[in-house]
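Values in this document were obtained by computation on a predicted structure and should not be read as measured data. Proteins come first, then strands; the chains are lettered A, B, ... in the order of their sequence lines, and each starts at number 1.
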Amino acid sequence: MAKAKLPDGNILEITDGATVADLAGQIGPGLLRVSIAAKINDQLVDLSTPITGDVDVVIITTKDELGLEIVRHSCAHIMAEAICSIWPAAKLVYGPTVTDGFYYDIDLDEPIRPEDFGAIEKKMKEIIKGDTPFERIEMTRGEAEAKMAGDVYKLDNIANAKGDVLSFYRHGSDGFEDLCRGPHVPRTKLIDAKGFKVMSVAGAYWHGDASQKMLQRVYGTAWRDKKELADYLFRLEEAKKRDHRLLGKQMDLFSFHEEGPGFAFLHPKGMKVWNAVIDYWRDVHRRYGYEEIKTPIMLNESLWHKSGHWDNYKENMYFTTVDEVTYAVKPMNCPGGLLVYKSNKHSYREFPMRVAELGLVHRYEASGQMHGLVRVRQFTQDDAHIFCMPDQIEAEIVGVIDLLQEMYKTFGFEDYHVELSTKPDKHIGSDEIWETATNALRGALEHKGMDYQINEGDGAFYGPKIDFHISDCLNRSWQLGTIQLDFSMPQRFELTYVDQDNTEKTPVMIHRAILGSLERFMGILIEHFGGNMPLWLAPEQVRVLPISEKTNDYAYDVLAKLKKCGLYAVVDTSDDKVGAKIARAHADKVPYMLVVGPKEAQETAVNVRIRQSQETQTLSLEEFISTAVSKNDDKSLDLSL
RNA sequence: GCUGCUGUAGCUCAGUGGUAGAGCGCGUCCUUGGUAAGGACGAGGUCAUGGGUUCAAAUCCCAUCAGCAGCUCCA
């Protein structure tokens, strides 16, 4: 007798060689109906797997996350069959699951188009409704190779597979087979025929290598049922409404033009957000002991030879020639900053020396890389360089992280992730200095108790780094802050300081940015708040809505007082009804709407309605202003009065 | 950069090998209305750009530019 130990501690005895499905049936017929696969001794297996000996068994059902992933992967197989039946020339490459769905990479000369999705889905539904079993077929590596002879993609998959026994899965009335480790749902009908959708198709290089053939990657999503799918599609639509490119247009914050691809034009309202960010940035940097400098946006080409940018980065740089002298538009601020450093002799007594610059840089990004404000060709880095001695590194990194945490918290960002990148194969500097520096970075992160991921070998050639990433409305991750140690620049530029013993030494240089690019940061801010900016960042903070022309005079009085107190206020004297004015103020995402009519005019009061709320409250004008001003000054994220 | 898709009024989008459309916005007028959109009239478009096919092209074809999705890249 085999013994199966269940997660609840119960031990069931079953006939040796009986399958997981038999076991599930024994526990309860209801369980068998929703069972998809199982874990035997932590190994994922099909329901049809026989049980031998004493084992731990966890049965995976449609309700489990893992079950859903198996449904998605099985759905990928079914989509592959559907595509092969429509395009017999299609060659299958690789079809894994991803967040919320799956994709299948396909090599097919004829393009698959969105208008074909309906036909693919129809065929998939037929296959699901045919309710054929997923059968596992095992064979040796040699047999698998013989079976797939001539199919470069599957032979490649076989070569990459581990172990001597490989498996294929067969389903469908036509006996569609695909190389796969499994497991799969036992029968096709375990996938809800109304719970999946073919989403999109895009190019993807084989092996993710741009020198390889471009395949067609067909994306799909699959859920437990129709409702879950509908919820997902709804969430996706809602997320798209937060897109900063859309909101930037709707809220009149910025624009892009064909005349300058990748160059953002900030409109008056966008500038208000921008300046609020910068004012705050300056305030924080003063408090953390930074000086600020400004260096030219273009400098003689020779400087970029010296810095190494010309050798490593010239394809991405802009150049201009005047009077036969070539200038390079800076892609980074450091060389300019180093010239400032070199203008004087420095002593260890000045260290740590923290020098910040809001530097406008240009990088010629390839056309397909541009994305709204978050990937542009001209952007403003909130850069700073810290010059210090080796034993000051860790304390300085801790200081930068403190500053970063304070700023992110003020903006309401809690949900960022941290990566530490270490020495790459191609690098400069001794192993010893790399180790000291990497330990300093790690030590600082640990001192701050931060969770981080290590990217082994992903550092810059000139030093290790810590990056801070945050996701946009569609869960695409973008880098904001970065802290990089640099062993290259101080040498190339022969930076020195005079140490205690009166000898000249080379300082350690730390590059750091907190917001990264102000443009990118603004894009992320907009998405983070869905356009509903907190008071201190709102481009229009208060809108005064007179009930009729008769109270326009009072409305202008209110407006004047608001402006005098430094609030961005506007009055809406259009001859719309107050309901229409409120609707428009909501659409414009104005934090406070002040409705004023004869009643309010008589009492020098305002009837306040807060954005996204239905409630109103009447306050004296004085009280409203003092509360709003203090919330503005405190950078409060909360609008309630 | 690569694959696919898209480009029509300020914005969002219909549309068709034969006279250019809607809603919102904008302007004027009526309306002076108490909390999520009152009414009338009007202005506004070389249908991205350049070629080609055709009696005829905004529509079909090619190229270019720009944007979108994904891939690759981001020293």
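- Cation-pi geometry between A:Arg217 and A:Tyr103 is met: the NZ or CZ atom falls under 6.0 Å from the ring centre, inside 45° of the normal.
- Here A:Pro331 lies in heavy-atom contact (under 4.0 Å) with a base.
- The phosphate of B:G1 has OP1 or OP2 within less than 4.0 Å of a side-chain N or O from A:Ser367.
- Other residues, nucleotides and ligands place no more than 12 heavy atoms under 6.0 Å from the CE atom of A:Met298.
- At a cut-off of 3.5 angstrom, counting only N and O atoms as typed in the model, there is no donor on one side facing an acceptor on the other between the side-chain of A:Gln614 and the base of B:U35.
- Phosphate contact (OP1/OP2 of B:A69, side-chain N/O of A:His371, threshold under 4.0 Å): present.
- Within the 4.5 Å cutoff, no side-chain heavy atoms of A:Leu236 are placed close to those of A:Asp100.
- Between the NE2 atom of A:His207 and the C1' atom of B:C71 there is a distance of 14 Å, rounded to whole Å.
- With hydrogens and angles left out, the side chain of A:Arg611 and the base of B:A36 share no donor-acceptor pair within 3.5 Å.
- Separating the C1' atom of B:A69 from that of B:C41 is a span of 43 Å, rounded to the nearest Å.
- A straight line from CD of A:Glu258 to P of B:A48 spans 11 Å, rounded to a whole angstrom.
- Between A:Arg363 and A:Glu519, none of the side-chain N atoms (NZ, or NE/NH1/NH2) sits under 4.0 Å from a carboxylate O, so this pair counts as no salt bridge.
- Separation of the P atoms belonging to B:U54 and B:G1 is 34 Å when rounded to the nearest angstrom.
- A:Glu615 comes within 4.0 angstrom of no nucleic acid atom, judged by non-hydrogen atoms across all strands.
- When the C1' atom is compared between B:A14 and B:A22, the two are found 7 Å apart, to the nearest whole Å.
- In terms of phosphate contacts, A:Arg245 brings a side-chain nitrogen or oxygen within less than 4.0 Å of OP1 or OP2 of B:A69.
- Across B:G33 and B:C68, the matching C1' atoms stand 44 Å from one another, rounded to whole Å.
- Applying the 3.5 Å distance criterion, the base of B:G34 shares a donor-acceptor pair with the side chain of A:Glu600.
- Ring stacking holds between A:His586 and B:A36, with the centres under 5.5 Å apart and the planes within 30 degrees of each other.
- In this structure, A:Val201 reaches neither bases nor backbone, as no heavy-atom distance under 4.0 Å exists between it and the strands shown.
- Nucleotides B:G34 and B:A48 are separated by 47 Å at their P atoms, to the nearest Å.
- With both ends at atom P, the span from B:U12 to B:G7 equals 13 Å, rounded to whole Å.
- No donor-acceptor contact under 3.5 Å links the side chain of A:Arg584 to the base of B:C24.
- Not a single donor-acceptor contact under 3.5 angstrom links the side-chain atoms of A:Tyr364 to the base of B:G1.
- At the phosphate of B:U3, neither OP1 nor OP2 sits under 4.0 Å from any side-chain N or O atom of A:Arg217.
- Proximity of A:Lys249 to the phosphate of B:U12: a side-chain N or O atom is located under 4.0 Å from OP1 or OP2.
- Aromatic rings of A:Phe487 and A:Trp434 (six-membered ring for Trp) have centroids within the 6.0 Å cut-off, being under it.
- With both ends at atom C1', the span from B:G23 to B:C60 equals 30 Å, rounded to whole Å.
- Nucleotides B:G18 and B:G67 place their C1' atoms 32 Å apart, quoted to the nearest Å.
- Considering only side-chain atoms of A:Met214, the nucleotide from B:G70, B:A36, B:G38 that sits closest is B:G70.
- Using a 4.0 Å heavy-atom cutoff across all strands shown, A:Asn607 reaches at least one base atom of the nucleic acid.
- Salt-bridge check for A:Glu238 with A:Lys241: passed, with a basic side-chain N closer than 4.0 Å to an acidic carboxylate O.
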